[in-house]
2 protein chains.
Amino acid sequence: MTQKEETMLEDYLPFFEELSETDKEQIRSHTRLMHAEKGEMIHKGNEDCLGFLIVKKGQFRSYIISEEGKEITVYRLFERDMCLFAASCIFRNIDFDIWMEAKEESDYWVIDPGVYGKLMETSLPVMKYTNDLMASRFSDVMWTMEQILSKSMDKRLAAFLMEEAENEGAEEITLTHEMAARELGTAREVISRMMKYFQQEGFVAASRGKVRILDKNALYELAEGSLR
Amino acid sequence: MTQKEETMLEDYLPFFEELSETDKEQIRSHTRLMHAEKGEMIHKGNEDCLGFLIVKKGQFRSYIISEEGKEITVYRLFERDMCLFAASCIFRNIDFDIWMEAKEESDYWVIDPGVYGKLMETSLPVMKYTNDLMASRFSDVMWTMEQILSKSMDKRLAAFLMEEAENEGAEEITLTHEMAARELGTAREVISRMMKYFQQEGFVAASRGKVRILDKNALYELAEGSLR
DNA sequence: CACTTTCCGTAACAAAGTCACAAACCCGGT
DNA sequence: ACCGGGTTTGTGACTTTGTTACGGAAAGTG
């Protein structure tokens, strides 16, 4: 790892300055900078215990998956976001499996779970930060839960399309019906039907694997209350 | 608060022995023993900041509620369980509203949120315990999410009925269709339809506000994979 | 008992999920 | 350019779940 990268890692960790010099060194020497291609899975349920994760560049989606293979995204990670659940082995009370996939080409740091765990057990600022992070993800999941509970699929899809356009910084987004279904925890056919409706109404134009947003306002009105 | 109650509170808090004498005294003097009648709501979304909660006796359900009034239970609290979310004001990253209701006549302690918050900020064991607790509730919620995502309503209802029977320690449980619907996040009519089916199949016998389990094995088979 | 409230049953319809299959599209190889 | 195989989308038929709108039965109250 180069000096430049080290410096940046420190910037990304809010508690870094509060650590002792030995702890800082521990982190520096047990952090890997990694790279993921678009679509690459970096964490698969309980198959591994990767470590504490910091997004340097790019975007990830965290999702759960049922035995039958049905997926739903529970939260997203963007630049500077961090996640504990790829290191669930260091938390004895966590017994769910989460999957993580790069939404685009991404760079991320991984702090060794053993090192982070030990640090957490001995440093109040780190433990506090960990707690804040957990609370933050908790809120994400609760938000998702509320959406599932109370919003109809057309509203959720409209919100999702707007977010994707926002993320990509373009009117046209790269997205198959299958992908949207996985995000929202529904079936591909349901998305197809709604896309057909959205097209008929002139909200979007679609071609294979692409969706172009035509009427932002109409989608916005539909999505009302489902936007973060 | 009598000597006897104080002694018991200490038994319920795993980190108590690790505290300084002044911190112990802080907790002792800022904890109230409270009582709730069956059906009583002890926490309503963001209306209050009750404090850190410890169940002494009884049972609570924590649920979320949509704008339209649709509810779903996200986790339960039993004897010795604790909960942070009635003190969400001390966590800046928590921005969801949770409601809590006594499922039966219950006794519980409430530690003042300010005192708990301060203690947490200064004591590593308390912060660690808080973190464990958060992780534990997180797991509960993720479990609920998976159920919603992948289990059909009949399986979820079967599982719920068996749990209720387990909790009450009896074959006959006190439960209206409305109550079951609120637990599972569905509509009363859906429960009615399924109860009718369960009765026709001879799984249960029902009368107004009561359900008696007749065929435990059949329900168990249905519920397979939806039992905690 | 009459009256009110709560609980349950049900029909009719809408939304969403499942299953099955076919058509359209894209890409690489010839 | 054409062919072939994989991927993506379209669609119909059907099931399950959610919604709306009732009415009636059961329990509680004065």
Side-chain angles (χ1 to χ4, degrees), chain A residues 38-39 65-72 145-161 172-201 203-212 222-223 226, chain B residues 38-39 65-72 145-161 164 172-201 204-212 222-223 226:
Chain A
K38 180 172 178 167
I65 179 168
S66 71
E67 292 110 43
E68 304 82 42
K70 195 170 173 186
E71 294 180 14
I72 187 169
M145 189 101 131
E146 274 183 39
Q147 296 298 310
I148 298 172
L149 180 67
S150 61
K151 305 294 177 192
S152 55
M153 215 61 216
D154 54 352
K155 292 182 199 304
R156 291 177 58 206
L157 179 57
F160 173 67
L161 292 177
E172 180 162 273
I173 57 189
T174 301
L175 179 83
T176 66
H177 295 181
E178 177 70 34
M179 285 160 68
R182 286 174 177 204
E183 289 277 351
L184 299 172
T186 184
R188 197 259 314 159
E189 293 88 335
V190 174
I191 301 293
S192 291
R193 277 197 292 250
M194 281 176 188
M195 285 298 223
K196 183 183 171 189
Y197 165 69
F198 283 4
Q199 279 175 279
Q200 283 170 348
E201 297 293 314
F203 299 164
V204 303
S207 60
R208 189 188 172 90
K210 300 274 178 195
V211 180
R212 171 176 290 277
L222 242 186
S226 295
Chain B
K38 180 170 179 169
I65 180 166
S66 72
E67 293 112 43
E68 304 83 40
K70 196 170 172 185
E71 296 181 12
I72 187 168
M145 189 103 131
E146 274 183 40
Q147 296 297 310
I148 297 170
L149 180 67
S150 62
K151 305 294 176 191
S152 56
M153 214 62 215
D154 54 351
K155 290 182 201 304
R156 291 176 59 207
L157 179 57
F160 173 68
L161 293 177
E164 284 291 286
E172 181 162 272
I173 57 188
T174 302
L175 180 82
T176 65
H177 294 181
E178 177 69 34
M179 285 161 67
R182 287 174 175 203
E183 289 277 350
L184 300 172
T186 184
R188 198 256 315 161
E189 292 86 338
V190 175
I191 301 293
S192 290
R193 275 199 292 251
M194 281 176 187
M195 285 298 227
K196 183 184 172 188
Y197 165 69
F198 282 5
Q199 278 175 283
Q200 282 169 346
E201 297 293 315
V204 303
S207 58
R208 189 188 171 91
K210 300 276 177 192
V211 180
R212 171 176 291 276
L222 242 186
S226 295

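Chain naming here is simple, since letters A, B, ... match the order of the sequence lines and numbering starts at 1 in each.
- Spacing between atom NE2 of H177(A) and atom P of dC25(C) amounts to 13 Å, rounded to whole angstrom units.
- Per the geometry, CZ belonging to R193(A) stands 8 Å off P belonging to dG17(C), to the nearest Å.
- Taking atom CD of Q147(A) as the reference point, atom P of dA16(C) lies 14 Å away to the nearest angstrom.
- We find the CD-CD1 distance between E183(B) and I72(B) to be 9.5 Å, quoted to the nearest 0.5 Å.
- Judged as a side chain to side chain contact (heavy atoms under 4.5 Å, CB included), and not counting sequence neighbours, the contacts of Q200(A) are K196(A).
- One distance of note links CE of M194(A) with NZ of K155(A); it measures 10.5 Å at 0.5 Å rounding.
- Looking at residues two or more places apart in sequence or on another chain, you find a side chain to side chain contact (heavy atoms under 4.5 Å, CB included) between I173(B) and L161(B), E164(B), A165(B), E168(B), L175(B), V211(B).
- A straight line from CD of Q199(B) to C1' of dC7(C) spans 13 Å, rounded to a whole angstrom.
- Residue order along DNA chain C, read from the 5' end via each residue's closest nucleotide, puts M153(A) first among M153(A) and R188(A).
- Taking atom NZ on K70(A) and atom P on dC19(C), their separation rounds to 11 Å, with Å as the unit.
- In this entry the distance linking CZ of R208(B) with P of dT5(C) reads 14 Å, nearest Å.
- For I191(B) and dC8(C), the CD1 to P distance is 11 Å, given to the nearest whole Å.
- The two residues L184(A) and R156(A) have their closest heavy-atom pair at O-NH2, 2.8 Å.
- Overall bending of the helix from dC1(C)-dG30(D) to dT30(C)-dA1(D), expressed as the angle between end axes built from five pairs apiece, is 20° (10° steps).
- Side-chain atoms of T176(A) and E178(A) include no donor-acceptor pair closer than 3.5 Å.
- The CG-C1' distance, from L149(A) to dA16(C), rounds to 15 Å in whole Å.
- In this structure A159(B) satisfies the side chain to side chain contact (heavy atoms under 4.5 Å, CB included) test together with A223(B), S226(B), L227(B), sequence neighbours excluded.
- Regarding contacts with the backbone of dG17(C), a side-chain N or O of T186(A) is found under 4.0 angstrom from either OP1 or OP2.
- Contact footprint of chain A on DNA chain D: nucleotides with an atom under 4.0 Å from a non-hydrogen protein atom, first to last in 5' to 3' order, dG6(D) to dA13(D).
- In this structure, M194(A) reaches the sugar-phosphate backbone alone: every heavy-atom distance under 4.0 Å involves primed, P, OP1 or OP2 atoms, never a base.
- If E178(B) and V190(A) are placed on DNA chain C by their nearest nucleotide, the residue sitting closer to the 5' end is E178(B).
- Of the inter-residue distances, the one linking R182(A) atom CZ with I191(A) atom CD1 reads 12.5 Å to the nearest 0.5 angstrom.
- For the pair S152(B) and S207(A), nearest-nucleotide mapping onto DNA chain D gives the more 5' position to S207(A).
- With sequence neighbours excluded, no residue satisfies salt bridge (charged side-chain N to carboxylate O under 4.0 Å, His left out) with E201(A).
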